[in-house]
Participant: 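Below is the structure I would like to discuss, written out as structure tokens.
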Number of protein chains: 2
Amino acid sequence: MEKENKYCYKYPRPAVTTDCIIFGFDESDLKVLLIERGIEPFKGKWALPGGFVHMDETTEEGAKRELFEETGIKDVYIEQLFTFSDLERDPRGRVISVAYFSLVQLNKYEAKAGDDAKRAKWFSVKNGPSLAFDHEKILRMALYRLKGKIRYQPIGFELLSEKFTFTELQHLYEVILEMSIDKRNFRKKIQKMDLLIELDEKQENVAHKAAKYYKFNKTKYEELSLKGFNFEI
Amino acid sequence: MEKENKYCYKYPRPAVTTDCIIFGFDESDLKVLLIERGIEPFKGKWALPGGFVHMDETTEEGAKRELFEETGIKDVYIEQLFTFSDLERDPRGRVISVAYFSLVQLNKYEAKAGDDAKRAKWFSVKNGPSLAFDHEKILRMALYRLKGKIRYQPIGFELLSEKFTFTELQHLYEVILEMSIDKRNFRKKIQKMDLLIELDEKQENVAHKAAKYYKFNKTKYEELSLKGFNFEI
DNA sequence: ATATTTTAGTGTAAATTTTACACTAAAATA
DNA sequence: TATTTTAGTGTAAAATTTACACTAAAATAT
């Protein structure tokens, strides 16, 4: 059994993992993608996707790899959140975890199971299950970061489909910021930034006046950013 | 020689270190505390203080311990900055570093040497030496964070003495934000927050009108924060 | 075909905040 | 007593934020 332990060092080393907080959004709710653990510890419990960092990859690459392996998600906005290192956070021993959060289009990713995950599923962040490890703490921090960040970086668009209505956009902000926003003032503010492209398309088969579709002008945003433009809501 | 490697694991593990970016301020400049490396790699080069994380401490505790050991600094504001994990960042092998930044009162801490550090010294962040490892990258990120953070959190006061004049405070903001600020507007804004306590004391032996001293009302800030108050400059 | 239901879409006036700007006061020194 | 130097103060214009209510258009029910 001891023979298995073939990687030896002069000083003890913690294990290093990543955890991913993947946010999604549908019209009514902010959601987080969780996987049901297929192995111990916490077998059967819901947890954030993640896993051990390999020696030939950065933590960010590791997070993206695990994200893809466990959920099929790739090519998404991902950002380092925080590194968690409490001594007792993992019953297997000393494990330090670098957490990343990611915003994806919910509809594009049907939850799928793989590897260590018996199944993956979207949960409302407000009514999710209790989580393994210190993942509730990690989720809380991710929510806090998202709430702060969405006001001055146009990351919210990552959560919406390519095309969206103004009402959908406003609703996203209302749900994440947990406040209601005046419709006219919100539109004025967004319009003035001039970062939306109005599409030649409207809603269809809605039992009310059909709303115009817009898309986010990412190219223009990046240009403006370079010149010191400040997105702020 | 192989006998020394007595900590063995089933899978390879990166080493984990911390690095500290310690900012200080004097009337004319933002400074960073660096140590001259006493051992290889990069022996003789300037670097951020830091070192390996122990198994019985969190990364934050490790950062504080190293900070104290190498510079004598303790009981200061410290905040996690970012975790750096590029594969080639350390010639000794795979080393992941959790960086913290800290704001201290420059005058309170005479640079002192210890441990692996032949000597420690304050440098202007604008005219520092080239640094070991990826520490220039880390420093750049810390500066960026400081610049962003100082606008909406009253962390700048950590850099000043207990008592300070309005001009000193303004100068701090001007140096960190790299912009000039209108004196009257700045005073108006700060005064309105009502977070400064005017002391019964003035400058002495200055060849001009003596300025009043103020101190930061930390207690009041904490109270107001709980009620949702927003510091913002 | 007409009325009903439902959400889209729009403008203005008041309040607040931000900005630009220049002189007098006080301390030490010459 | 004059000079030098920084402290300390107010106001008006511009810009931004806020509060607020009705018409338009699509589908469905009658």
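Given the structure is predicted, the values throughout are model-derived calculations rather than measurements. First the proteins, then the strands, lettered A, B, ... as listed; each starts at 1.
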Participant: Roughly how many Å is it from CZ in Phe164(B) to P in dA7(D), rounded to a whole number?
Facilitator: 14 Å
Participant: Any base atoms under 4.0 Å from Lys188(B), or only sugar-phosphate, or nothing? Heavy atoms, all strands.
Facilitator: base
Participant: Would you call Glu79(B) and Arg145(B) a salt bridge, using N to O less than 4.0 angstrom?
Facilitator: yes
Participant: Considering heavy-atom distances to DNA chain C, does Ala207(A) or Arg187(A) have its closest nucleotide positioned more toward the 5' end?
Facilitator: Ala207(A)
Participant: Across all strands, who's sitting opposite dC22(D) as a Watson-Crick or G-U wobble pair, both distances under 3.5 Å?
Facilitator: dG9(C)
Participant: Nearest whole Å is fine: how far is dT6(D) C1' from Glu174(B) CD?
Facilitator: 14 Å
Participant: Less than 4.0 Å between a side-chain N and a carboxylate O, is that true for Lys126(B) and Asp29(B)?
Facilitator: no
Participant: Whole-Å distance between dT17(C) C1' and Lys189(B) NZ?
Facilitator: 8 Å
Participant: Looking at dA27(C), dA27(D), dT7(C), which one has an atom nearest to any side-chain atom of His208(B)?
Facilitator: dA27(C)
Participant: Tell me if the centroids of the rings in Phe123(B) and Trp46(B) come within less than 6.0 Å of each other.
Facilitator: yes
Participant: Round to a whole Å and report the spacing from CZ of Arg151(A) to C1' of dT17(D).
Facilitator: 13 Å
Participant: Taking donor-acceptor contacts at under 3.5 Å, does the side chain of Asn205(B) reach the base of dA28(C)?
Facilitator: no
Participant: Applying a 4.0 Å non-hydrogen cut-off, can you work out what Thr167(B) is touching in the nucleic acid: base, sugar-phosphate, or nothing?
Facilitator: sugar-phosphate
Participant: For dA15(D), give its Watson-Crick or G-U wobble partner with both distances under 3.5 Å, or none.
Facilitator: dT16(C)
Participant: Side chain of Lys209(B), heavy atoms from C-beta onward: which of dA25(C), dG9(C), dT19(C) has the nearest atom to it?
Facilitator: dA25(C)
Participant: For dA30(C), which nucleotide is its Watson-Crick or G-U wobble mate, given both distances must be under 3.5 Å?
Facilitator: dT1(D)
Participant: Send over the distance from His171(B) NE2 to dT6(D) P, rounded to a whole Å.
Facilitator: 12 Å
Participant: Measure NZ/Lys183(A) against P/dT12(C) and give the value in whole Å, please.
Facilitator: 17 Å
Participant: With nearest nucleotide decided by heavy atoms, which residue, Ala210(A) or Thr165(B), maps closer to the 5′ end of DNA chain D?
Facilitator: Thr165(B)
Participant: Which residue lies toward the 5' end of DNA chain C, Asn185(A) or Ala211(A), if each is placed at its nearest nucleotide?
Facilitator: Ala211(A)
Participant: Show your working on side chain to side chain donor-acceptor pair (under 3.5 Å) between Lys183(A) and Thr167(A) and close with a plain yes or no.
Facilitator: CA-CA 8 Å; Lys183(A) 181 162 63 159; Thr167(A) 301; over 6 Å; no
Participant: So, Glu232(B) and Lys189(B), do they make that salt bridge, N to O below 4.0 Å?
Facilitator: no
Participant: Is it true that Asp86(A) and Lys137(A) make a salt bridge, defined as a side-chain N closer than 4.0 Å to a carboxylate O?
Facilitator: yes
Participant: How is Lys212(A) classified with respect to the nucleic acid when contacts are heavy atoms under 4.0 Å: base, sugar-phosphate, or nothing?
Facilitator: sugar-phosphate
Participant: As a test of reading the structure: which of dA25(C), dT18(C), dT10(C) is closest to the side chain of Arg184(A), going by heavy atoms?
Facilitator: dT10(C)
Participant: Nearest-Å distance, CG (Asp182(A)) to P (dA15(C))?
Facilitator: 17 Å
Participant: For Gln203(B) and dA25(C), give me the distance from atom CD to atom C1', rounded to whole Å.
Facilitator: 14 Å
